Enquirer: 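Can you keep this structure in mind? I'll have questions shortly.
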Amino acid sequence: MPWKLIEVKGSISIEGIEETLLGGQSFCWRSCGENTWTGVISRSVVDLKWCDGKLYWCKQYGAPITKKKLTQYLWLDNSYLKAVDDLPWRSDVVLGRAIKQFRGLRLLRQPIEEVLMVFLLSSAKSIPQINQLRINIHRLIGEDLGGGNHAFPGWNKLSQLSEQDARKLGMGYRAKYLVGTAQFLKDRLGWLNEVKESPYEEAKIRLMELPGVGPKVADCVLLFGGGKTEAFPIDTWILQSLEKQYGFKGWKVSQLQEFAHIHFGRHAGLAQQFLFSFQRKNKRF
DNA sequence: AACCAGGATAGCA
DNA sequence: TGCTATCCTGGT
C-alpha cells in the first residue's frame with residue numbers, strides 16, 4: 001500500500017512526533033525504520049512516516065481506517081494550535097523552550113479502556129517494562145491482526161484472567177489491580193464511558209474507585225484516554241521538572257496540582273507533556 | 001548485594 | 001491530613 005500524505009496543522013519536528021508516539025503516553029507504537037513507526041489503532045495496524053516535516057501514513061493490517069479517524073487520533077486539526085497558544089509560553093521560558101524543542105508534540109486521543117489497562121500496570125515500572133506487560137496480555141488474549149500485531153482484548157476478555165494468570169505474565173502485585181478492575185467493569189460496560197463524559201473533577205474521583213487507580217493513574221487515564229486536557233499527572237519526571245526548573249522544592253503534590261491548574265490553565269495536561277519530555281530528555285538539569 | 005523504578009494502599013499518629 | 005512499610009519483578 002502506498003504512502004499517503006496527511007495534512008498537519010502547524011509544523012511538526014522529528015522530536016515532536018517521536019515523543020508523541022514513543023514518549024510513554026501510549027504503548028501502541030514502535031519504531032520500524034528511519035523515521036517510521038508502526039502502531040495499532042483499535043483494530044487497525046498503521047504505519048507513519050515523517051519526511052521533510054511532512055507526515056505520511058499507510059494501513060498495514062487489520063480493519064480499514066479513514067484519514068479522518070487518523071487525524072482525530074493524532075490531534076492534527078487546528079484545535080491543537082489553539083491549545084498550544086493558550087499555554088503560558090510567552091511568560092514561561094521553561095515551557096517555551098520545551099515547546100520549541102518538541103514542536104508538534106501532541107496528546108493522542110486513545111480509547112479510554114486501553115489507556116486504563118496500561119496505566120494500571122505502570123506503577124514502579126519503566127516504559128519498556130510496561131510495554132512488555134501489555135504485549136504479554138495482548139498476545140495471550142488479544143485478536144491477531146497480522147504481522148505480529150494484536151488488538152486490545154477488551155475488559156470482558158480481561159475479566160476471564162485470574163490473578164494467578166496475571167502473575168504468570170509478570171505483573172507482580174499489579175495483578176490484583178488488573179483482576180479487580182476487570183471484575184468491577186465486566187458487568188458495567190457503560191461505566192467507563194459515563195466517567196469519560198463527566199466533568200474532570202468528578203471523573204477523577206470516580207476513576208479512583210477502581211483498585212490500583214490513585215491520583216496519578218487517574219490523571220493519566222483522563223488525559224490520554226478521556227480527552228481531559230486539564231488533567232495534570234504528577235509523576236517523578238514532572239516532580240523533577242517542578243523542583244529543578246520551577247524551584248518548587250518540598251512542595252506537596254496537592255500544592256503543585258493547584259499551581260499547575262492556575263498557571264497552565266485549561267490545557268495543563270498538554271504543558272505536562274512538553275515538560276515531561278523535556279525533563280526526560282535533559283536528565284542532567 | 002542492596003537499592004530503585006512513570007504508584008497504590010493499609011495502618012497509624 | 002501526613003507519614004511509612006509493603007507490594008512483585010527486573011534492572012543497576
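Being a predicted model, the structure only gives us computed values, none of them experimental. Here is the naming used below: chain letters follow the sequence lines, and residue numbers restart at 1 for every chain.
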Enquirer: Nearest whole angstrom, please: distance from the P of C:dT9 to the CZ of A:Arg134.
Expert: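 Distance, rounded to whole Å: 21 Å.
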Enquirer: What is the separation between atom CG on A:Leu120 and atom P on B:dG7, rounded to the nearest whole Å?
Expert: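 It works out to 14 Å between those atoms.
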Enquirer: Is any side-chain nitrogen or oxygen of A:Arg174 closer than 4.0 Å to OP1 or OP2 of B:dG7?
Expert: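 No, because none of the side-chain N or O atoms of A:Arg174 sits under 4.0 Å from OP1 or OP2 of B:dG7.
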Enquirer: On the nucleotide C:dG2, are OP1 or OP2 found under 4.0 Å from the side-chain N or O atoms that A:Lys252 carries?
Expert: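 Looking at the OP1 and OP2 atoms of C:dG2, one of them is under 4.0 Å from a side-chain N or O of A:Lys252.
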Enquirer: Categorize A:Gly23 for me: base, sugar-phosphate, or nothing, with a 4.0 angstrom heavy-atom threshold over every strand shown.
Expert: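 The residue A:Gly23 makes base contact.
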Enquirer: Between A:Trp237 (CH2) and B:dG7 (P), how many Å, whole number?
Expert: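 These atoms are roughly 11 Å apart.
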Enquirer: Just call it for A:Ile127: base, sugar-phosphate, or nothing, with non-hydrogen atoms closer than 4.0 Å on any strand.
Expert: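 The answer is base, as A:Ile127 lies within the cut-off (heavy atoms under 4.0 Å) of a base atom.
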Enquirer: Among B:dG6, C:dG10, B:dG7, find the nucleotide with the atom closest to the side chain of A:Cys220.
Expert: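 Nearest to the side-chain atoms of A:Cys220, counting from C-beta on, is B:dG6.
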Enquirer: Taking 5.5 Å and 30° as the limits, would you call A:Tyr173 and the base of C:dC7 a stacked pair?
Expert: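 A stacking contact exists, since A:Tyr173 sits close and nearly parallel to the base ring of C:dC7.
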Enquirer: Counting side-chain heavy atoms from CB outward, which of B:dA8, C:dG10, B:dG6 is closest to A:Lys125?
Expert: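 Of B:dA8, C:dG10, B:dG6, C:dG10 is nearest to the side chain of A:Lys125.
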Enquirer: Need the pair for C:dT6. Rule: Watson-Crick or G-U wobble, both distances under 3.5 Å, any strand; none if unpaired.
Expert: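 Its partner is B:dA8.
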Enquirer: Checking A:Lys49 against A:Trp3: charged group under 6.0 Å from the ring centre and within 45 degrees of the axis?
Expert: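 The answer is yes; both the distance and angle limits are met.
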Enquirer: Indicate yes or no: does A:Glu19 engage A:Arg280 in a salt bridge with an N to O separation below 4.0 Å.
Expert: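 The answer is yes: the pair qualifies as a salt bridge.
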Enquirer: In terms of ring plane angle, is the pair A:Tyr73 and A:Trp29 parallel, tilted or perpendicular, where the classes change at 30° and 60°?
Expert: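 Aromatic pair A:Tyr73/A:Trp29 classed tilted.
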Enquirer: Measure the distance from CG on A:Leu178 to C1' on B:dG7 and round it to the nearest whole Å.
Expert: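 The distance from CG of A:Leu178 to C1' of B:dG7 comes to 16 Å, rounded to the nearest Å.
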Enquirer: Say you pick atom P in B:dA8 and the same atom in C:dG11; how far apart are they, in whole Å?
Expert: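 Pairwise P distance, B:dA8 against C:dG11, rounds to 23 Å.
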Enquirer: Rounded to whole angstroms, how far apart are NZ on A:Lys216 and P on B:dA5?
Expert: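 Taking atom P of B:dA5 as the reference, NZ of A:Lys216 is at 14 Å.
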Enquirer: If you measure from the Lys or Arg side-chain nitrogens to the Asp or Glu carboxylate oxygens, is any gap between A:Lys4 and A:Asp47 under 4.0 Å?
Expert: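 So A:Lys4 does not pair with A:Asp47 through a salt bridge.
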Enquirer: What is the distance, to the nearest angstrom, from the CD atom on A:Gln129 to the P atom on C:dT12?
Expert: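 Nearest whole value for this atom pair: 9 Å.
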Enquirer: Quick one: A:Ile130 CD1 to C:dG11 P, roughly how many Å, whole number?
Expert: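 Computing the A:Ile130:CD1 to C:dG11:P distance gives 14 Å.
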Enquirer: Given that A:Gln272 and A:Met208 both sit by DNA chain B, which one's nearest nucleotide is further toward the 5' end?
Expert: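 The residue mapped nearer the 5' terminus is A:Gln272.
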Enquirer: Looking at every strand, decide which applies to A:Leu210 at a 4.0 Å heavy-atom threshold: base, sugar-phosphate, or nothing.
Expert: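 A:Leu210: backbone/sugar contact only, no base atoms under 4.0 Å.
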Enquirer: What is the separation between atom CD on A:Glu209 and atom P on B:dA8, rounded to the nearest whole Å?
Expert: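 Result: 16 Å.
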Enquirer: Can you tell me, in whole Å, how much space there is between the P of C:dA5 and that of B:dC4?
Expert: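 Here C:dA5 and B:dC4 have their P atoms 12 Å from each other.
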Enquirer: Taking the same atom, P, in B:dG6 and in C:dG2, what whole-Å distance lies between them?
Expert: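 Pairwise P distance, B:dG6 against C:dG2, rounds to 25 Å.
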Enquirer: When both hydrogen-bonding distances must be under 3.5 Å and the geometry is Watson-Crick or G-U wobble, what is B:dA2 paired with, if anything?
Expert: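 In the structure as shown, B:dA2 has C:dT12 as its Watson-Crick or wobble partner.
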Enquirer: Could A:Glu202 and A:Lys204 be called an ion pair, given the rule that one side-chain N must be under 4.0 Å from one carboxylate O?
Expert: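 Looking at A:Lys204 together with A:Glu202, the answer is no, because their closest N to O distance does not fall below 4.0 Å.
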Enquirer: By the 4.0 Å heavy-atom rule, please label A:Gly212 as base, sugar-phosphate, or nothing.
Expert: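 A:Gly212: backbone/sugar contact only, no base atoms under 4.0 Å.
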Enquirer: Do A:Arg97's NZ or CZ and the ring of A:Phe278 fall within the cation-pi criteria of under 6.0 Å and 45°?
Expert: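 Relative to the ring axis of A:Phe278, which defines the angle, A:Arg97 lies outside at least one limit.
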